Colleague: 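Got a structure for you, questions after.
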Number of protein chains: 2
Amino acid sequence: MGTQPEQAGRRRDAAASQRALLDAAAKLFAERGFDRTTVREIAGEAGVNQALLFRYFGSKEALFEAVVARNGREQLATTPPERLFSASLRSMLAPEGPRNRTLETYLRSSGSDGAAAAIRQEIGEEYARVLATLTDAPDAGLRADLALAWLMGIALVREVAGKEPLASADPDDVCRLVLTATKTLLERSK
Amino acid sequence: MGTQPEQAGRRRDAAASQRALLDAAAKLFAERGFDRTTVREIAGEAGVNQALLFRYFGSKEALFEAVVARNGREQLATTPPERLFSASLRSMLAPEGPRNRTLETYLRSSGSDGAAAAIRQEIGEEYARVLATLTDAPDAGLRADLALAWLMGIALVREVAGKEPLASADPDDVCRLVLTATKTLLERSK
DNA sequence: TCCGGTTGTAAGCAGCTGCTTACAACGCTA
DNA sequence: TAGCGTTGTAAGCAGCTGCTTACAACCGGA
């Protein structure tokens, strides 16, 4: 160790602590779900005292909301509707890189209630609303829900259950099969 | 109260206590998932002292295994393969009656690990193995996984998330849409 | 009637949970 | 440099968790 104060540059940096907590929480919630992640684990992963978690976010549930709010709407906001389904599918299947783990978080926390459940529902609504614009069938809402359900189911079987052969299947193969099958579901009568 | 010993017929009935525990656990695990269900709740719902839960089943996790083992393979064993997909779908969509809540239990407990995860995986394998017999495509296993994923996704969106319009959609409509779409997925080249 | 194993019960244990509090270290401003 | 709000920290609280233990009630067979 040098003579410098141990962490060059930033000590006493509230914004950095909040970011570290959000990042750590996002990772752990995606891996373990809401219930099985403890505030002590989050603070430990963030390298931050756990009391700060409550100072900055108020409660574990509020932190969960903040995480989902930050990451959840990202893809939704940056992807044009006609590509949302395949983009979500591909992002979910991507073997590496900063894939969006919102669905995983959603799934692993599906037992939780309270505010966490509310925000989960809200994001689901937004996804479905966008997907529903892809077809002009009279039951567009139902069709969108079914498409969303398939996305979530694939995420569940692949990421949470880790079931083979789906878990290590080629993303291209999965996309081809799914997109072919959903042609009858999400299409315009042109 | 009469002069009778409070519960006419059966006191000191180990088999009945075990059955009551299994029934109560099946209900609560399906409603709340493994983590959010406590042994005290199970014993309370069963009208049984919680120490008996450990005497008869050893641990909360072993009880979970017993529940899934009892209910999980029921439908699998009694349904011919070519009807398994639509039967599971319909059983899941059935608005009332003794529908099979295995998928719900599975979903709400998807954060759990250990032995619970192992038995979950095992049942998933069995479902997929049966579904894979429905097509002669070379990637039958992958196709079966995708079909299973859709089943689970629909259960998730409908039962756990309670998302409309899917949650209260007509089972016939759902079946029609899903079975049409999966035609390309599970078919024989005849 | 007495015995011995089975069934049911109350109480409690250690460990973990989310959350709070009291306080020290810091660094900006006057 | 003195004051003061912000940031970081250690310790602890009450409540709940899965699980155990010690013991009373019961009942069939001797």
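Order of the sequence lines fixes the chain letters, A, B, ..., with proteins taken first and strands second; residue numbering starts at 1 for each chain. Nothing here was measured: the structure is a model prediction, and the numbers come from that model.
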Colleague: Not counting sequence neighbours, list each pair that qualifies as a salt bridge (Lys or Arg N to Asp or Glu O under 4.0 Å) and has a residue in residues 145-154 of chain A.
Modeller: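 Listed by first then second residue: D145(A)-K163(B).
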Colleague: Restricting to salt bridge (Lys or Arg N to Asp or Glu O under 4.0 Å), what partner residues turn up for E45(B), sequence neighbours left out?
Modeller: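 If we apply the salt bridge (Lys or Arg N to Asp or Glu O under 4.0 Å) test to E45(B), skipping adjacent residues, the hits are K27(B).
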Colleague: Specify the angle, to 10°, made by the local axes at the two ends of the helix from dT1(C)-dA30(D) to dA30(C)-dT1(D) when five pairs are taken at each end.
Modeller: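 For the helix from dT1(C)-dA30(D) to dA30(C)-dT1(D), the axes at either end differ by 20°.
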Colleague: How long is the line joining CZ of F54(B) and C1' of dA22(D), in whole Å?
Modeller: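 Distance check: F54(B) CZ to dA22(D) C1' gives 17 Å.
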Colleague: Measure CZ/R40(A) against P/dT17(D) and give the value in whole Å, please.
Modeller: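 After rounding, the reported distance stands at 16 Å.
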Colleague: Classify the nucleic acid contact of F57(B) as base, sugar-phosphate or nothing, counting any heavy atom under 4.0 Å across all strands shown.
Modeller: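 No contact at all - F57(B) keeps every heavy atom at 4.0 Å or more from the nucleic acid.
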Colleague: Tell me every residue that passes side chain to side chain donor-acceptor pair (under 3.5 Å) with R90(B), counting only those two or more places apart in sequence or in another chain.
Modeller: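 By the side chain to side chain donor-acceptor pair (under 3.5 Å) rule, R90(B) matches D172(B).
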Colleague: Can you list everything that forms a ring-ring contact (aromatic ring centres under 6.0 Å, His included) with F29(B)? Sequence neighbours excluded, please.
Modeller: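 If we apply the ring-ring contact (aromatic ring centres under 6.0 Å, His included) test to F29(B), skipping adjacent residues, the hits are F34(B), F64(B).
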Colleague: What integer distance in Å separates D35(B):CG from dT17(D):P?
Modeller: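 After rounding, the gap between these two atoms is 12 Å.
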Colleague: Please report, to 0.1 Å, the donor-acceptor pairs under 3.5 Å made by any side chain of residues 51-59 of chain B, with sequence neighbours excluded.
Modeller:
{"from": "S59(B)", "atom 1": "OG", "to": "E61(B)", "atom 2": "N", "distance (Å)": "3.4"}
{"from": "S59(B)", "atom 1": "OG", "to": "A62(B)", "atom 2": "N", "distance (Å)": "3.1"}

Colleague: Look at Y56(A) and dC19(C) and indicate whether a side-chain polar atom (N or O) is within less than 4.0 Å of OP1 or OP2.
Modeller: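 No, no such contact exists.
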Colleague: CZ of F64(A) versus P of dT17(C): gap in Å, rounded?
Modeller: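 After rounding, the reported distance stands at 18 Å.
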Colleague: Figure out the CZ/C1' separation between F29(A) and dG18(C), and round it to whole Å.
Modeller: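 Nearest whole value for this atom pair: 12 Å.
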Colleague: What closest approach, in Å, do A147(A) and L186(A) show between heavy atoms, and which atom pair accounts for it?
Modeller: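 Minimum heavy-atom contact is CB-CD1, 3.9 Å.
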Colleague: Sequence neighbours excluded, which residues qualify as ring-ring contact (aromatic ring centres under 6.0 Å, His included) partners of Y127(A)?
Modeller: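 Once residues adjacent in sequence are excluded, Y127(A) has no partner under the ring-ring contact (aromatic ring centres under 6.0 Å, His included) criterion.
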Colleague: Roughly, in whole Å, what's the span from CG in D13(B) to P in dG28(D)?
Modeller: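 Rounded to whole Å, this separation is 12 Å.
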Colleague: Looking only at the side chain of R55(B) (C-beta and beyond, no hydrogens), which of the listed nucleotides dG8(D), dT7(C), dC19(D) gets closest?
Modeller: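 Nearest nucleotide to the side chain: dT7(C).
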Colleague: R36(A) CZ to dC16(C) C1': how many Å, rounded?
Modeller: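 Answer to the nearest Å: 13 Å.
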Colleague: Near DNA chain C, under 4.0 Å by heavy atom, which residues of residues 44-53 of chain A?
Modeller: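 Correct list: Q50(A), A51(A).
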Colleague: My understanding is that only residues two or more places apart in sequence, or in another chain, count here; which of them pass side chain to side chain donor-acceptor pair (under 3.5 Å) with T78(B)?
Modeller: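 Scan of T78(B) (side chain to side chain donor-acceptor pair (under 3.5 Å), adjacent residues dropped) gives none.
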Colleague: Specify the closest pair of heavy atoms between V174(A) and L146(B), including all atoms of both residues, with the distance to one decimal.
Modeller: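 Minimum heavy-atom separation between V174(A) and L146(B): CG1-CD2, 4.1 Å.
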Colleague: Measure from NZ on K60(B) to P on dC19(D) and round the result to the nearest Å.
Modeller: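 The distance from NZ of K60(B) to P of dC19(D) comes to 8 Å, rounded to the nearest Å.
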Colleague: Is the phosphate of dG8(D) approached by S17(A) (side-chain N or O, under 4.0 Å from OP1 or OP2)?
Modeller: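 So the side chain of S17(A) is within the cut-off, an N or O lying under 4.0 Å from OP1 or OP2 of dG8(D).
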